[in-house]
Amino acid sequence: MATSSSSEGIERLIRRNLVNFGGYAASKSPKTLMGKTDIQQESIIKLDANENPYGCSPRVSQALATCPDINIYPDSGQLELRKLLADYTGVSAEHIVASAGSDQLIDLILRLFLEPGDEVINLVPTFAMFRFFIELNGGTVVEVPRDENFAVKVSAVKKAITKKTKLILLASPNNPTGTLAPREDILKLLDSGLPVLVDEAYYEFGGETVAPLVGQYKNLMVLRTFSKWAGLAGLRIGYGLFPTRLADYLLRIKEPYCVNVAALVAVRESLKDIDYLMGRVEAIIAERERLFSELKKLKWLKPFPSQANFILCSVLAGALKLQQELEDREILVRYFDEPLLRDCIRISVGRPEENDILFETLKELGEEM
Ligand SMILES: Cc1ncc(COP(=O)(O)O)c(C=O)c1O
């Protein structure tokens with residue numbers, strides 16, 4: 001039987017930078033909400049992880065029922081997948097690498113560049129997985145805060161660059177603020193000569209991209225995902241657009257079979273059903289605008305404009321209390337408590353009927369809060 005001294009012993013062998021590693025506060029699985037495993041998933045309104053409330057294309061569900069080749073390893077060279085992604089993005093296949101969710105590419109990129117102690121500029125507040133992967137890979141996070149409207153302060157970024165800086169990470173639209181970075185700002189960051197990772201996980205909801213510039217800049221990397229617009233979060237499929245030399249390195253260091261055969265089928269079918277999926281994206285954008293104006297009517301909430309599929313909201317009456325009151329009513333939202341995000345929640349855009357229940361609940365709670 002393990003004793004406490006033997007577990008302390010094992011800690012001495014664990015990598016120094018991971019002994020106190022904080023991990024990531026992932027969204028709650030509806031299946032285990034409040035520790036219960038028998039909860040009715042259908043009754044939960046899940047607005048905490050920026051998933052697609054409409055699910056995937058029906059073509060994907062149908063094709064997965066007869067998914068071939070499950071007993072065969074996927075193509076490690078991703079030839080068909082990269083060709084499909086080239087057709088979708090307009091960027092040729094030699095620039096493209098796919099992964100098990102775009103999270104995996106964030107990890108691979110940092111693994112490729114970072115030696116212990118190297119610095120990475122992180123434009124906070126932003127996606128928490130950036131910090132997670134920088135620290136996991138032995139890097140040092142250099143935080144450059146955004147301004148009060150969550151815009152990037154380019155001159156502050158330039159001042160933060162040192163001899164140890166290896167990368168600049170920028171999500172656009174940013175999570176959890178919903179802010180798009182103007183192209184001029186991205187170009188100024190690229191002028192630094194440092195590798196710049198532009199994470200466009202929410203591109204389809206914001207409509208602006210720097211993807212066409214990938215062929216022109218040796219230091220631009222763009223990340224995308226099928227988790228949000230195509231409703232494939234559970235299948236884990238993301239991709240990146242890179243200068244060809246970087247794409248070659250990433251193809252070499254990735255786990256060979258990182259994209260599974262079901263994910264390939266799902267991409268193929270999603271891209272055949274693009275009109276349907278983009279119709280859903282339009283519906284989400286329309287609901288986002290309705291959500292914004294409804295939230296604005298409540299004097300104790302301050303929503304921020306968003307170009308993604310969620311809305312960040314400052315809660316004058318206490319965000320943690322609100323998040324818990326909503327959870328008690330089976331509505332899940334994300335709570336934040338960090339500089340520039342004190343007393344904030346992030347609400348993913350749901351289906352109209354889900355948003356209606358949210359509005360009614362917020363109105364009722366407003367009387368108590
Ligand atoms: C900015 C950003 N990048 C990447 C991801 C991860 O996406 P994926 O599901 O493709 O790993 C998310 C998910 O929330 C995100 O918000």
Side-chain angles (χ1 to χ4, degrees), residues 24-29 46-53 55-56 78 81 85 88-89 96-110 120 122-134 136 146 150 152 167-181 186 196-206 208-211 221-241 250 254-255 258-260 262-264 266-267 270 284 288 304 306-312 332-336 341 344-349:
Y24 176 72
S27 64
K28 282 187 183 133
S29 163
K46 191 171 182 325
L47 308 177
D48 63 341
N50 305 339
E51 291 139 333
N52 192 318
C56 63
Q78 309 176 334
L81 185 52
L85 296 171
Y88 176 60
T89 58
I96 301 177
V97 182
S99 57
S102 52
D103 276 349
Q104 191 175 54
L105 268 168
I106 302 171
D107 186 19
L108 282 174
I109 292 162
L110 290 162
V120 181
N122 200 25
L123 305 169
V124 290
T126 191
F127 184 39
M129 291 299 282
F130 288 166
R131 165 177 284 280
F132 174 97
F133 283 125
I134 296 166
L136 188 63
R146 290 161 178 262
F150 303 118
V152 174
L167 284 155
I168 300 171
L169 305 187
L170 166 69
S172 179
N174 186 38
N175 176 10
T177 62
T179 338
L180 260 172
I186 298 176
V196 179
L197 175 65
V198 182
D199 181 340
E200 295 186 350
Y202 302 95
Y203 154 66
E204 283 80 0
F205 303 98
E208 282 187 29
T209 180
V210 287
M221 301 176 274
V222 177
L223 282 192
R224 298 272 190 84
T225 180
F226 277 67
S227 294
K228 315 295 179 181
W229 72 280
L232 298 182
L235 279 180
R236 315 301 303 124
I237 173 79
Y239 61 98
L241 310 169
L250 290 164
K254 77 174 179 56
E255 185 208 316
C258 59
V259 180
N260 66 65
L264 170 60
V267 167
S270 298
I284 292 168
R288 175 185 77 202
F304 294 92
S306 167
Q307 300 300 310
N309 64 345
F310 53 80
I311 290 185
L312 181 73
L332 306 185
V333 298
R334 187 88 179 195
Y335 164 68
F336 292 91
L341 296 181
C344 281
I345 58 167
R346 186 197 64 201
I347 307 173
S348 309
V349 179

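Counting starts at 1 for both ligands and their atoms, in listed order.
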With under 30° as parallel and over 60° as perpendicular, where do the rings of Phe205 and Tyr202 fit, or are they tilted in between? tilted
Locate the shortest heavy-atom distance separating Ala230 from Ser270; write the atom from each residue and the value. CB-OG, 4.3 Å
Go through the steps to decide whether Val267 and Tyr88 satisfy the test side chain to side chain contact (heavy atoms under 4.5 Å, CB included), and finish with yes or no. CA-CA 10 Å; Val267 167; Tyr88 176 60; over 6 Å; no
Taking the six-membered ring of Tyr203 (Phe, Tyr or Trp), confirm whether the NZ or CZ of Arg224 is under 6.0 Å from its centre and within 45° of its axis. yes
Intermediate values then yes/no, side chain to side chain contact (heavy atoms under 4.5 Å, CB included), Leu47 and Phe310: CA-CA 8 Å; Leu47 308 177; Phe310 53 80; over 6 Å; no
From Glu200 atom CD to Leu241 atom CG, the distance as rounded to the nearest 0.5 Å: 8.0 Å
Within the heavy-atom cut-off of under 4.0 Å, ligand 1 is lined by Gly101, Ser102, Asp103, Phe127, Asn175, Asp199, Ala201, Tyr202, Thr225, Ser227, Lys228, Arg236
